[in-house]
K.L.:
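Okay, here's the structure, questions in a sec.
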Amino acid sequence: SALEDLEYSAVSCRAYSASLDEFGGVGDGVTSNTAAFRDAVAQLSRYSDDGGGLLFVPAGRWLTGSFNLTSHFTLFLHRDAVILASQNESDYEVIEPLPSYGRGRDTEGGRYISLIFGTNLTDAIITGENGTVDGQGEPWWGKFKRGELEYTRPYLIEIMHSDGIQISNLTFLNSPSWHIHPVYSSNILIQGLTILAPVTVPNTDGINPDSCTNTRIEDCYIVSGDDCIAVKSGWDEYGIKYGMPTKQLLIRRLTCISPDSAVIALGSEMSGGIEDVRAEDIVAINSESGVRIKTAIGRGGYVKDIYVRGMTMNTMKYVFWMTGNYGSHPDEHYDPEALPVIENINYQDMVAENVTMPAQLSGIPGDQFSGICISNVTIGLATKPKKVLWNCTDVSGFASGVTPPPCELLPEKQPGTMIPCNFPAEVIPIDEVKLQRCYSRRKNV
Ligand SMILES: *[C@@H]1O[C@H](CO)[C@@H](O)[C@H](O)[C@H]1NC(C)=O
Ligand SMILES: *[C@@H]1O[C@H](CO)[C@@H](O)[C@H](O)[C@H]1NC(C)=O
Ligand SMILES: *[C@@H]1O[C@H](CO)[C@@H](O)[C@H](O)[C@H]1NC(C)=O
Ligand SMILES: *[C@@H]1O[C@H](CO)[C@@H](O)[C@H](O)[C@H]1NC(C)=O
Ligand SMILES: *[C@@H]1O[C@H](CO)[C@@H](O)[C@H](O)[C@H]1NC(C)=O
Ligand SMILES: *[C@@H]1O[C@H](CO)[C@@H](O)[C@H](O)[C@H]1NC(C)=O
Ligand SMILES: *[C@@H]1O[C@H](CO)[C@@H](O)[C@H](O)[C@H]1NC(C)=O
Ligand SMILES: *[C@@H]1O[C@H](CO)[C@@H](O)[C@H](O)[C@H]1NC(C)=O
C-alpha cells in the first residue's frame, strides 16, 4: 500500500503523515538515510502536541545509522520496506551505561546507542505490514568474539523512560546484540513480531523487558542464539540501588527456537526484582530450557509470583532449570550478602518430548528457592537421557500429576489427586488495552 491509503491497527492514530522519500531518502541499499530519518522525525515532532505524526517507510532498502523517535509518533514500514542497520560504528553515538547496570554489558564504560532509540517519550509506535529491520550484525558478532569492540554493541530498538509503547507486525533480523529492549518504561504492547538470528551467535536475545511495568507480549515467533525473551531488572549493586522491578508482564502465544538458551529467562540481571509474570500458550522447539531462573549471590532482588501454564516442548535439554550460581558480576564491588529471594514459582499443563534431563533445580545454600509448584506435566525422555532425571538442591515446594516423578524436595501434594498450581484470575491492565483502526490522513508537513 502507499501512504495515501494506509489502514492499520494501533493504540493511537495520528493526524499527520509523511513518507521518508520526501526527506531525501533513497532506498537503494547503499545510500545512507541517517539524515533523512533524523530530519523526518524532527519535522514530525512539531505535531507531537497536535495530533501526532506518522513516518511511512516505503518499499525499498533503507540503509541508516541510529536515529531517535519522538512522542505521539508512529514509524510505519511498508511490507517490502527493509531498514538496513549501518555496520559502521561511527553511525552510533556512544551513550552512558544504564544506571541499573553500572557499565556496558560487553565492555566497561559506554555503549553504542541503539539503531532505533527513544527516551522520555509518551506514546511511540513502531509497526507496519510485516516490513523488516535488518541489524546486519555479522561484523559486530565477530568483533565481540575477538574482543575488538571499544563499547557495548547496539540493540535494534531501545526505548527508555517512556510510557505507552507499541511494537507490532514487523520482522527483526540479525541484531548486533539484543533485538528489542524496553527499559524503565510502562504500558508496553508487543505483538506479531518475527525475530530471527543465527542460533550460533552471541547475545541475540529476542525481547528483553527490563525494569518495565505493565507489558504484554503476544503472537511472536523467535529464533535466537540466546534467550527468546529475557526478563531483567538491573545488575548487582547497581540494580539494587536503582530498585526498579519488572512487574505485570504477560507473555502469550510465543513460539521459540533457542538451542543454547531459554525460551523465557528470568534474570540473570534481576537485582531490581521480577514479579507477577504470566506466560501461557508457549511452543518451544529445540531449546535448551523452558522458563529458566538465573541468579547469583550478590544479585539481591527477587523473582516471585511467576505463573506459567500451557507449554508444548519438543527436543529440550532441560524442561525446568533454576540456577543460583550464575555468577557474572559487573565488578568486584557486589555485596556477597545480597541474596536473591526466589518464591512462588508455578508451572502447569505442560507436555515435553525428547528431553535429556527433566529438571536441574539448584537454589543457593542457606537461601532456599521456595514455593515451587509443578502440576500436570508429562515429560517424554530422549533416547539417552541423563541418569539423574530430577536434580534438586536448596529448593522447596510440591508437585502434582508430574511424570517422571519429581525429586523428594518437591513431594506429591495429595497423592492420587491433581492439585493444580495457581494462576491469577485478575487481569493485568495492559490486557484491556484495545487497538483502534487507523487510516492515514494526508497532510503536508
Ligand atoms: C497485525 O497483525 C494482527 C495479528 O497479529 C492482524 O490482526 C492485523 O491485521 C495486522 N495488521 C496489519 C496492518 O498487518
Ligand atoms: C538521541 O537521544 C540521545 C539521548 O537523549 C542523545 O544522546 C542523542 O544525541 C540523540 N541523537 C540524535 C541524533 O538526536
Ligand atoms: C564510517 O563512517 C566514518 C564517518 O562518517 C567514515 O569516515 C568512515 O570512512 C566510515 N567507515 C567505513 C568502513 O565505511
Ligand atoms: C528522562 O526521565 C528520567 C526518569 O524520569 C529523568 O531522570 C531524566 O532526567 C529525563 N531526561 C530528560 C532528557 O528529560
Ligand atoms: C513476516 O515475515 C516473516 C519473514 O519473512 C515471515 O516468516 C512471517 O511468516 C511473516 N509474518 C506474517 C504474519 O506474515
Ligand atoms: C531428539 O533430540 C536430539 C538432540 O538431543 C535430536 O538430535 C533428535 O533429532 C531429536 N529427535 C526427535 C524425534 O525430535
Ligand atoms: C493438563 O495439561 C494439558 C495440556 O498439556 C491440558 O490439555 C489438560 O486439560 C490439563 N489437565 C488438567 C486436569 O488440568
Ligand atoms: C546436581 O546439582 C548439584 C548442584 O547444582 C551439582 O553439584 C551436581 O553435580 C548435580 N548432580 C547431577 C547428577 O547432575
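One-based numbering, in listed order, for ligands and for the atoms of each.
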K.L.:
Can the ring centroids of Trp62 and Phe37 be said to lie less than 6.0 angstrom from one another?
P.N.:
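When the ring centroids of Trp62 and Phe37 are compared, they turn out to be at least 6.0 Å apart.
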
K.L.:
Assert yes or no for the condition that the ring centre distance of Tyr151 to Tyr92 is strictly below 6.0 Å.
P.N.:
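Judged by ring-centre distance (under 6.0 Å), Tyr151 and Tyr92 do not meet the cut-off.
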
K.L.:
Are Leu55 and Phe67 side-chain neighbours, meaning at least one heavy-atom pair lies under 4.5 Å?
P.N.:
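Not in contact.
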
K.L.:
Closer than 4.0 Å to some heavy atom of Val351 - which atoms of ligand 7 meet that?
P.N.:
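So the answer, numbered in order with elements, is 5 (O).
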
K.L.:
Near Asn120, which atoms of ligand 4 are under 4.0 Å from a heavy atom of that residue?
P.N.:
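Matching atoms, with element in brackets: 1 (C), 2 (O), 3 (C), 8 (C), 10 (C), 11 (N), 12 (C), 14 (O).
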
K.L.:
Salt-bridged, Asp227 to Lys294, with N to O below 4.0 Å?
P.N.:
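So Asp227 pairs with Lys294 through a salt bridge.
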
K.L.:
Answer yes or no for atom 7 (O) of ligand 3: protein heavy atom present at a distance under 4.0 Å?
P.N.:
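No, there is none.
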
K.L.:
Find all atoms of ligand 3 within a distance of less than 4.0 Å from any non-hydrogen atom belonging to Ser90, and give their numbers and elements.
P.N.:
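Those qualifying, in numeric order: 1 (C), 2 (O), 3 (C), 4 (C).
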
K.L.:
Just need the protein heavy atom nearest to atom 1 (C) of ligand 7, so name the residue and atom and give the distance.
P.N.:
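Heavy-atom neighbour on the protein nearest atom 1 (C) of ligand 7: Asn376 ND2, 1.4 Å.
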
K.L.:
Do you know which two heavy atoms are closest between Leu196 and His179, and how far apart they sit?
P.N.:
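Answer, listing the atom of Leu196 first, then His179: O-NE2, 4.1 Å.
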
K.L.:
Tell me the nearest of Met350, Gln348, Met418 to atom 13 (C) of ligand 7, using heavy-atom distances.
P.N.:
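The residue whose heavy atom sits nearest atom 13 (C) of ligand 7 is Met418.
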
K.L.:
Identify the closest protein heavy atom to atom 5 (O) of ligand 4: which residue and atom is it, and at what distance?
P.N.:
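Protein heavy atom with the smallest distance to atom 5 (O) of ligand 4: His161 ND1, 4.4 Å.
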
K.L.:
Give the atoms of ligand 7, by number and element, whose distance to some non-hydrogen atom of Asp349 is under 4.0 Å.
P.N.:
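Once the distances to Asp349 are compared, the set is 1 (C), 2 (O), 5 (O), 10 (C), 14 (O).
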
K.L.:
Charged N to carboxylate O below 4.0 Å: is that the case for Arg14 and Asp123?
P.N.:
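Asp123 and Arg14: salt-bridged.
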
K.L.:
What is the closest protein heavy atom to atom 11 (N) of ligand 3, and at what distance does it sit?
P.N.:
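Minimum-distance protein heavy atom for atom 11 (N) of ligand 3 reads Asn88 ND2, 2.8 Å.
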
K.L.:
Of the non-hydrogen atoms in Ala81 and Pro58, which two are nearest, and what is the gap between them?
P.N.:
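Distance-wise, the nearest heavy atoms are CB-O, 3.2 Å.
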
